[in-house]
2 protein chains.
Amino acid sequence: MTKPRTRIQQRNSDVILEAALEVFSAHGFRGATLDQIAAVAGLSKPNLLYYFASKEAIHVALLSGLLDTWLDPLRAMDPEGDPVAELLAYVRRKLELSRDYSRESRLFANEMLQGAPRIRAALEGDLRDLVQQKAGVLQAWMDQGRIAHMHPVHLIFSVWALTQHYADFEVQVQAVLGSDGADPYPEAAVYLETLFRRLLTP
Amino acid sequence: MTKPRTRIQQRNSDVILEAALEVFSAHGFRGATLDQIAAVAGLSKPNLLYYFASKEAIHVALLSGLLDTWLDPLRAMDPEGDPVAELLAYVRRKLELSRDYSRESRLFANEMLQGAPRIRAALEGDLRDLVQQKAGVLQAWMDQGRIAHMHPVHLIFSVWALTQHYADFEVQVQAVLGSDGADPYPEAAVYLETLFRRLLTP
DNA sequence: TGGTTGTTTGACCGGATGGTCAATTCCGGG
DNA sequence: CCCGGAATTGACCATCCGGTCAAACAACCA
């Protein structure tokens, strides 16, 4: 549950979670099968269930490890720093997460779409608390006239929406931007920086 | 295929599509079962398959009807109108779609997450063409100095991302904004209007 | 009313899938 | 080297699920 003991346990748990991430993010929870995950992991199906009690247990293990990583950039926003710089850094880090961890983003999006049956508690607990706290920081910055006035929580929503879009709707982005396999992220980074700079500057 | 003939066919087709939308949007294609859809529709499973050849046929029928409706507000953007007003109207209409057709939005998002296996062609065809055309309009407005300069396609992406977020991540929005069942859409409308107004004004 | 066409369903099928288990193999420590 | 626990797996099970089909039923018209 907490820390596997032997090296084999550690390695196989990691291999299974990596394979499960690949399959779950591509097909959703219901669409993924244990056989697929086992094949990707290079293990037999009963062997999977030797390490995790059930398909759901694998899914939960993935999700619970995910939310923390996902919120780290928001946590890193420093109330003592320069407001615009802090927010732009947050946007940049979040966009990097979308680029480097797009499977995690899609896994998370899948869970949200289904109504978050497995992490609702975390959303209404840790997530809500962190957002409310950081919204307070944003509000203070606005009251000090250091960034423009707006609804701080919706401001955070817009960072999430704009960055995650490039991971979750990757197919659409690629389809629209053309068949040339050009990486859309550099352009996106430039675009989002100008967007938030114009939005925030008082 | 095109138009059902009898009144019974028309009514039952509609009932099935409505039920399928409910179930598919909540559980995804693979997560939905014909029995669930039949139960919601108030019909028997074989009766469903009397009207649609397969589970996939129902899904395709839903999706193909959807993309057009979804793009209507973008199509309605008038090159002859006032640029900022046209774009703000587009944002407002798109946000209304998210509010009034959130199930459709989630159905679409589900399809995107899976890599759009059933509508990739439409994305690379009609959708791409329309976006490129409207991007041209936006570019002209920028060249005339009527709105600020930025990447026009990413500007469209940001409209999609920001509006659809409220439908697709509804649980998260509700969880963060608190348990009071307050409607987040009025606030969202205000926020998005100020965001795009500041972004676009030259 | 009778017949023809359109509609509905109970029963069933075959394959997929999550999960179990007894038996076997592997491996590290004494 | 050997033994006990850890790791692995082939075979199997029960259930679910998409889809079929023949038979029953309803609707419409002559």
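Values below: every heavy atom of this structure, side chains too, minus hydrogens, waters and symmetry copies. This is a predicted model, so every value here is computed, not measured. By convention in this document, chain letters (A, B, ...) are assigned in the order of the sequence lines, proteins followed by strands, and residues within each chain are numbered from 1.
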Heavy-atom distance under 4.5 Å between the side chains of B/Phe108 and A/Gln172, does that happen here?
-> yes
Taking any atom under 4.0 angstrom from a heavy atom of chain A, which nucleotides of DNA chain D are the first and last to qualify, 5' to 3'?
-> D/dA6 to D/dC17
Parallel, tilted or perpendicular: which fits the ring planes of B/His59 and B/Phe29, with parallel below 30° and perpendicular above 60°?
-> tilted
Crowding at OH, A/Tyr101 (>12 non-hydrogen neighbours, <6.0 Å) = no
Regarding A/Gln133 and A/Asp129, is there a side-chain donor-to-acceptor distance under 3.5 Å anywhere?
-> no
Going by distance alone, is a donor N or O of one side chain under 3.5 Å from an acceptor N or O of the other, for A/Gln10 and A/Asp14?
-> yes
Classify the angle between the aromatic ring planes of A/His154 and A/Phe157 as parallel (below 30°), tilted (30 to 60°) or perpendicular (above 60°).
-> perpendicular
Who pairs with B/Ser102 by side-chain hydrogen bond (donor to acceptor under 3.5 Å, both in side chains), at least two apart in sequence or on another chain?
-> B/Arg106
A/Ser105 side-chain N/O to A/Ser98 backbone N/O, donor-acceptor pair under 3.5 Å = no
Could you go over nucleotides 26-30 of chain C and give all protein N or O partners under 3.5 Å, atom names and distances?
none

Nearest whole angstrom, please: distance from the P of C/dT7 to the CG of B/Asn12.
-> 8 Å
Whether over 12 other heavy atoms sit under 6.0 Å from B/Arg120 CZ | no
Give a yes or no on whether the backbone of B/Val159 and the side-chain of B/Lys94 come within a donor-acceptor separation of less than 3.5 Å.
-> no
Would A/Arg75 and A/Asp72 pass as an ion pair if we require N to O under 4.0 Å?
-> yes
For B/Val176, does its backbone N or O pair with a side-chain atom of A/Gln132 as donor and acceptor, under 3.5 Å?
-> yes
Taking the side chain as C-beta and beyond, is there a heavy-atom pair between B/Asp143 and B/Gln139 under 4.5 Å?
-> yes
Phosphate-side-chain proximity, B/Gln9 and C/dT7, N/O vs OP1/OP2 below 4.0 Å = yes
So which of residues 15-30 of chain B are in contact with DNA chain C, with a heavy-atom cut-off of under 4.0 Å?
-> B/Arg30
Charged N to carboxylate O below 4.0 Å: is that the case for A/Glu22 and A/Arg103?
-> yes
Between residues 34-55 of chain B and DNA chain D, which residues have a heavy-atom gap below 4.0 Å?
-> B/Leu34, B/Lys45, B/Pro46, B/Leu49, B/Ser54, B/Lys55
Have a look at the helix from C/dT1-D/dA30 to C/dG30-D/dC1 and give the angle its two end axes make, five pairs each, rounded to 10 degrees.
-> 0°
Taking B/Arg30 for its side chain and A/Arg30 for its backbone only, find out whether a donor-acceptor pair lies under 3.5 Å.
-> yes
